[in-house]
Amino acid sequence: MSVSDLISALDAIPKLTTTNPDIDSGFLDAPEWLTESYLQDALRKFYSDPKLKITALDGRPALGRGENYGGVLTRTKAEFIRSDGSSLIGHYIIKTSFESDEFARKAMEPYDIFNREMSIYEQILPKLNALLREIRDEEQIFAETMAVDYHRSALIFEDLSVRGYVMPDRLVGLDLKLARLVLRKLAKMHATSAVLNERELGALESYDRGMFNRHTDNYAPCFLGMIQAASTRVAQWPGYEQYAEKLEALVPVYMELGKRVFDVCPGINVLAHGDLWTNNVLVKYNESTGEPEDVIIIDFQYAAWGSPAIDLFYFLNSSLQLDFHLHHQEQLIQYYFEIFSSTLRKLRYKAHIPSLHNFHLELKKKSFYAMHTSFSIFPIQRNVETDDADFNALMKSDQRAINFKNGCYRNPVAQKILRELLNVFDCQGLLDADQ
Amino acid sequence: MREYQLIMVEIRNGNSNGSQDEDDFHPAPQWLTVSYVESILRRVKQDSELSIKDLNIKAATAKGDNYASIMTRIKVDYVRGGANQPETEFFIVKTTYENDPFISNIFAGYNASQTEMVMYDKILPQLSELLEGTQQSEKLFAKTLHVDYEHSAIIFEDLAVSNYVLGDRLTGFDLEHAKLTLRKLAKMHAAAAVFNERQPGLLAKLDHGIFNRHTRAFSPMFESLFGVAAQFAGQCPELGSVYEEKLKRLQKRVMEYTERVYDPQPDQFNTLTHGDLWINNIMLRNKTDQNELDMLLIDFQFSAWASPAVDLFYFSSTSLQPEVRNKHLDALIQYYHKVLADTLRELNFGGHIPTLRQLVLQLEKGKFMAVTATLTCQAIMLNEETKDADFNGLLLDDERGRNFRKGMYNNKRLQENVKRWLPDFERRGLLDVFD
């Protein structure tokens, strides 16, 4: 599938020039090859217009510290003139890899996140869209891709913020309405991926490098460091000493238990997003009412073939407001499953679709991931001490990294989750080294 | 189930402990003579010179019922061979009285009396012996004196003499009592699993639990109570028509889905279940200055080789105070598991000892038992309308029976409990007919 085929699906054409051309032609913190001429070439391809010319360019880092550990995002605004004389402003997100940071590049190499994301945007997502159109479902799940550059590990997307999509506040968490919007998209994405895999005879099964996988343990310093920091914090609470000990005792088996979540088991499997939390979801709020109307899912670096539990437990244990995190997960799974199973049926999925109860049983086998997300991931995502919130702090084991992780557990929100859920998970045997 | 009948009789006829005429009671069995008892005692005490000085027989079951366990209390004064001092022991003689062929046929189909005889004769004493070898050995059952297959009679120690009484079925157990029950149960389950290793296949022959693959004679009771529950749900503002529809549809699958919980699975932990574990089948000795709180399990007519899910959900759905069931169930299961695993290890069980996680997953698979026990067994056990409370009322599809069963759902405690738990079951897909 070529870039132009992708582009033909785009429905957001940049608006005509308005006021105030904020002319500042420098990119900040972006890779050196990301020049005006590079973007101009991409736009020329996009519009099939070799005479297109950029007149102004403005680039800045798209996200602040603590918002993204997966690469460099550059937000660009480009003013350009086409050969028919029309003047346009386009807004784009350009996503590139960790070129300059040797440590990050080496650590992430085995996860192959950029190639994975590119192949998904180029090949997979368009096919998932096509499946939805097959059953006359016009819903948009993903951001539209403008260009995919394998050579430079770069992706160019339409900047959805122009259409009014914003990132929800990661510190607050989603309410039920938003959660349902996300789960509806997720259900359709999962269902179409299961069908696609069936029709293409296992083509999605090679995506086997999720956050836990059987090829690399490079994330171990992050996960184990977080659990140890959790244990240190919990040990200070009277009456919680036994939990601190159990957390510490999990460390030698933790990576193996995580890998079992990602091992492909009998039952229904899908292409999981792999990192589905508030920062990978864009929301469109209604201008007058302020009510959320739509969501788009982004960022497929960690996509992996496996149980829907990978996304469901990760999302439900990281991205919700406290009350829903604690008490509403089953209802939300039920909501997801109705859409998931009915989409499968509409697409004439051939393999067995489990009953809701049997689906619950399949998910429950992966409950370790709910504990992992609540205790190791959630505190990272809700962290408010952002001065040192970067990739090195996550992935290293030096004093700076330890301090950063301890800081995550100073957060009262993280502490509340621990206090509420330690007993719950313990009663289910999820804190036992022998599970 | 028979104890239920007995309770109804007690309520109708007042205290059966001596404030009535001898004529109000069923006569004691005619074969229960001094020489009969003497020959048993001589065998059991291994003393052919033993002689009975006095045998006091007191009938304990009131007349006027069609079907009940007939309990006869006997007080035996005897002297051992060559001794001067007389000794006294008290026993209960349990026989059945079958006046109503309709009901006696039903119970015959369940092998109820044979099962109980085999339990008291061949199994419970062996389990007790196994457990005597453990460090924290404790008594689980009344000690068997003699089982008479010809007369369908079981003679065991009279627990009332040691101050054992029945608990209050209308209130339910608090946390302390619940834990003690599960401790006893876990030890019984562990001992049975070990016994099964030493005598393979013997316990698996017990396969006539309340739900089994040989007879569905109780089905009118279970199916019609689901219908009553459906009607109640439909009229209940917190529940409504979705529940009514689901429960109506579920009526014809109740027996099959519950029987599946009883089917032993090769990859799971199976054991000898009590089969009818609710408050009225547990004798309590209250804590005093001289002794700790203690409990003994009685009434083994429906014991069957199956998953522990049978006992755990039956008990927790019928015999706990609401607060205990709603807040502490997971912790109770964790406690049960600890005692089970510790006892299995102490007894050198050769099979796989399930981890807590594995047990939790296994129980989740058998969760339909909780649905049945909550909607039907609980209704029977909380019932206070005793006018038509007999087996005809439970089983027959006549006006009297239909009114009786409908009236059960006027019980406020039952209603609160059903309202609390039906949404939980619904979310997990347990109310869906899927095959």
Side-chain angles (χ1 to χ4, degrees), chain A residues 176 242-243 246 250 253 256-257 260-261 265-267 309 312 316 324 326-338 340-342 345 352-371 420-435, chain B residues 179 182 242 246 249-250 253 257 260-261 265 267-269 309 312 316 326-338 340-342 345 352-371 420-435:
Chain A
L176 280 184
Q242 41 139 350
Y243 294 126
K246 280 191 157 183
L250 273 180
V253 294
E256 172 60 28
L257 291 172
R260 287 185 199 166
V261 172
C265 295
L312 287 168
L316 295 173
F324 308 130
L326 297 176
H327 303 301
H328 280 70
Q329 292 199 25
E330 246 117 49
Q331 276 153 288
L332 290 169
I333 291 174
Q334 183 183 28
Y335 174 79
Y336 157 94
F337 187 75
E338 266 160 39
F340 177 62
S341 53
S342 77
R345 261 183 280 273
H352 173 68
I353 302 173
S355 66
L356 173 58
H357 186 234
N358 284 334
F359 183 68
H360 263 289
L361 293 175
E362 283 177 33
L363 293 181
K364 261 192 130 67
K365 291 185 186 144
K366 311 290 192 179
S367 286
F368 176 81
Y369 211 51
M371 190 277 287
E420 295 279 349
L421 289 177
L422 276 168
N423 184 50
V424 172
F425 289 137
D426 184 45
C427 287
Q428 294 172 30
L430 290 168
L431 300 186
D432 293 351
D434 182 15
Q435 294 188 20
Chain B
K179 273 183 89 166
L182 292 183
V242 169
K246 289 197 172 190
R249 245 177 270 134
L250 202 43
R253 297 303 277 154
Y257 287 174
R260 285 182 193 166
V261 182
Q265 303 292 339
D267 57 343
Q268 294 190 348
F269 177 76
L312 289 168
S316 62
N326 298 344
K327 298 211 165 86
H328 299 283
L329 191 50
D330 283 353
L332 284 169
I333 305 272
Q334 184 183 30
Y335 174 72
Y336 160 88
H337 172 265
K338 178 158 198 326
L340 179 77
D342 287 347
R345 257 186 291 273
H352 174 69
I353 300 178
T355 63
L356 174 56
R357 190 84 204 104
Q358 287 165 345
L359 179 71
V360 167
L361 290 173
Q362 177 176 337
L363 292 181
E364 194 64 36
K365 245 181 142 180
K367 205 93 188 256
F368 191 80
M369 185 77 224
V371 179
R420 161 67 181 81
W421 283 93
L422 268 184
D424 198 80
F425 297 147
E426 198 266 332
R427 274 172 230 144
R428 292 163 196 263
L430 284 163
L431 302 185
D432 297 338
V433 172
F434 58 90
D435 67 358

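Naming convention: chains lettered A, B, ... in sequence-line order (proteins, then strands); numbering from 1 in each chain. Computed over heavy atoms, backbone and side chain alike; hydrogens, waters and symmetry mates excluded. Values in this document were obtained by computation on a predicted structure and should not be read as measured data.
Closest of all the heavy-atom pairs between B/Glu364 and A/Leu361 is CG-CD2, 3.4 Å. Across all non-hydrogen atoms, the minimal contact from B/Asp424 to A/Glu330 is OD1-OE1, 4.5 Å.
Between B/Asp432 atom CG and A/His357 atom NE2 the span is 10.0 Å, to the nearest 0.5 Å. In this structure, CG in B/Asp435 is found 8.0 Å from OG in A/Ser355, a value given to the nearest 0.5 Å. Distance check, rounded to the nearest 0.5 Å: OG1 of B/Thr355 to CD of A/Gln435 gives 7.5 Å. Summarising the geometry, atom SG belonging to A/Cys427 is positioned 12.5 Å from atom NE2 belonging to B/His337; distances are rounded to the nearest 0.5 Å. To the nearest 0.5 Å, atom CZ of residue B/Arg428 and atom CD of residue A/Gln334 are 11.0 Å apart.
At most 12 non-hydrogen atoms from other residues, nucleotides or ligands lie less than 6.0 angstrom from NZ of B/Lys179.
A donor-acceptor pair is defined here as one N or O able to donate and one able to accept, closer than 3.5 Å; such a pair exists between the side chain of B/Gln334 and the backbone of A/Asp426. Using a distance-only test at 3.5 Å, with no hydrogens or angles considered, a donor-acceptor pair links the side chain of B/Arg357 to the main chain of A/Gln428.
Of the atoms belonging to A/Asp434, heavy atoms from both backbone and side chain fall under 4.5 Å from chain B.
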